[in-house]
Amino acid sequence: MEQNNMVAMILAGGRGSRLYQLTDKNAKPAVYFGGKYRIIDFPLSNCANSNINVVGVLTQYEPVTLNAYAGQGQRWGLDTAGSGVYVLPPSEKDGTQFGVYKGTADAITQNIDFIDNVSPDYVLILSGDHIYKMDYADMLATHKANKADCTIAVMPVPWEEAPRFGIMSCDDTGRIVEFEEKPKEPKSNLASMGIYIFNWKQLRKALIDDKTAEGSSHDFGKNIIPGFLNGGKRLYSYKFEGYWKDVGTITSLWEANMDLLNKNSELDLDDPNWKVYTEDIPALPHYVSATGSVEKCYINQGAIINGKAVESVISNGVTIGEGADVYQAVLLPGVQVGDGAKVYNAIVAEGIKIEAGAVVGEKNSKEIELVYKNVKKGE
């Protein structure tokens, strides 16, 4: 791919309210995943592996941690001449304070000048809160081959989940003939993944028109994409056949972490051909003592295990005490599980202390418990 032929814009300003206390002081894309990664590592790594040199990260809600993290482009090899990761919060322009991004399309509209300065032929719109690995260069090749004006990455979802997504119908060539955003009664289960490629000149005009359109939500799914379709533009689907998960709920975040433990999972973080880059944590290797044991666990640097951990994701700097039992749990960085404590079917937030003898969750429960404050025995 030619340098700057396509610029990526990652929408990373969402609150992620269904993750509850995990996003009280953090934007959803900054939430930890897999022991040492953050969710935004995935779209950023995809960009790096797809040879996309310029990436804008549009932040808004609780942006401090995310801004500092995403601004370190060297983590993804995006710090060479002509490349970079640019943090783009809402800003003041011509004496006008925009205040907030009013919708996904408005977020891009407010950054038209940034994209114009790069002068790409194509713009890739991404969400900052999905776990997946995708070659965007392949998607762009499909876009060009179809002579498309817009290409949407899609995959089938269970019918009962279809009302949560933008749903489309396509003809035999993959051309989109109908699109509905979160329909109550979907006609198809072919869902948008929230990944779009647009020809920049056409998108630019549509964004400017939408900016002053009465009653617009300034949203890609509700306004821009239907506008393209109704205007006779060439919209095509790009069928993705890999691992993809929207980790927007506690259960889905837990499930995605558990998927790392499945040797047959398509979410392979040890693939040398498609690395997922992240912050390099200075820490000692993990340690399992004579009293400790692990079974089918994902263990990260600095973890000290003196108890038993089974089918769990153990993050950086976690300590599990003697006689403790951790089962199907996700322990975020710095968690301390005291001697004799039990942690079952849970996500334990960063830095939390499960004191000696305390019990969290139930071993055979289908409910995933979020632990966001210290737990004492008997609580």
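- Two residues are said to be in side-chain contact when any heavy atoms from C-beta on lie closer than 4.5 Å; Phe228 and Phe179 fail this criterion.
- In terms of hydrophobic clustering, with Ile, Leu, Val, Met, Phe, Trp and Tyr side chains grouped at heavy-atom distances under 4.5 Å, Leu44 and Leu140 are assigned to a common cluster.
- When each of Val7, Asp116, Asp121 is checked for a side-chain contact (heavy atoms from CB on, under 4.5 Å) with Trp200, only Asp116 meets the rule.
- Follow the hydrophobic side-chain contacts under 4.5 Å out from Leu267 and you reach Val247 in the same cluster.
- Residues that satisfy the side-chain hydrogen bond (donor to acceptor under 3.5 Å, both in side chains) test with Asp271, not counting sequence neighbours, are absent from this structure.
- The stretch residues 277-289 participates, sequence neighbours left out, in these side chain to side chain donor-acceptor pair (under 3.5 Å) pairs: Asp41-Thr278, Tyr69-Thr278, Ser289-Thr291, Ser289-Asn306.
- Residues Tyr344 and Asp325 have side chains that bring a donor and an acceptor to within less than 3.5 angstrom of each other.
- Remark: the Gln202 side chain and the Asp149 side chain contain an N/O donor-acceptor pair separated by less than 3.5 Å.
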Would you tabulate the side-chain donor-acceptor contacts of residues 370-379 under 3.5 Å, counting partners in other chains and residues two or more places apart, or write 'none'?
{"from": "Asn374", "atom 1": "OD1", "to": "Lys353", "atom 2": "N", "distance (Å)": "2.9"}
{"from": "Glu379", "atom 1": "OE1", "to": "Lys376", "atom 2": "N", "distance (Å)": "3.0"}

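- Linking Ile, Leu, Val, Met, Phe, Trp and Tyr residues whenever their side-chain heavy atoms come within less than 4.5 Å places Val157 and Met193 in a single cluster.
- Each of Tyr122, Phe198, Tyr196, Tyr236 was compared with His143 under the ring pair (Phe, Tyr, Trp, His ring centres under 6.0 Å) criterion, and only Tyr122 meets it.
- Considering only heavy atoms from C-beta on, Val310 stays 4.5 Å or farther from Val326 through its side chain.
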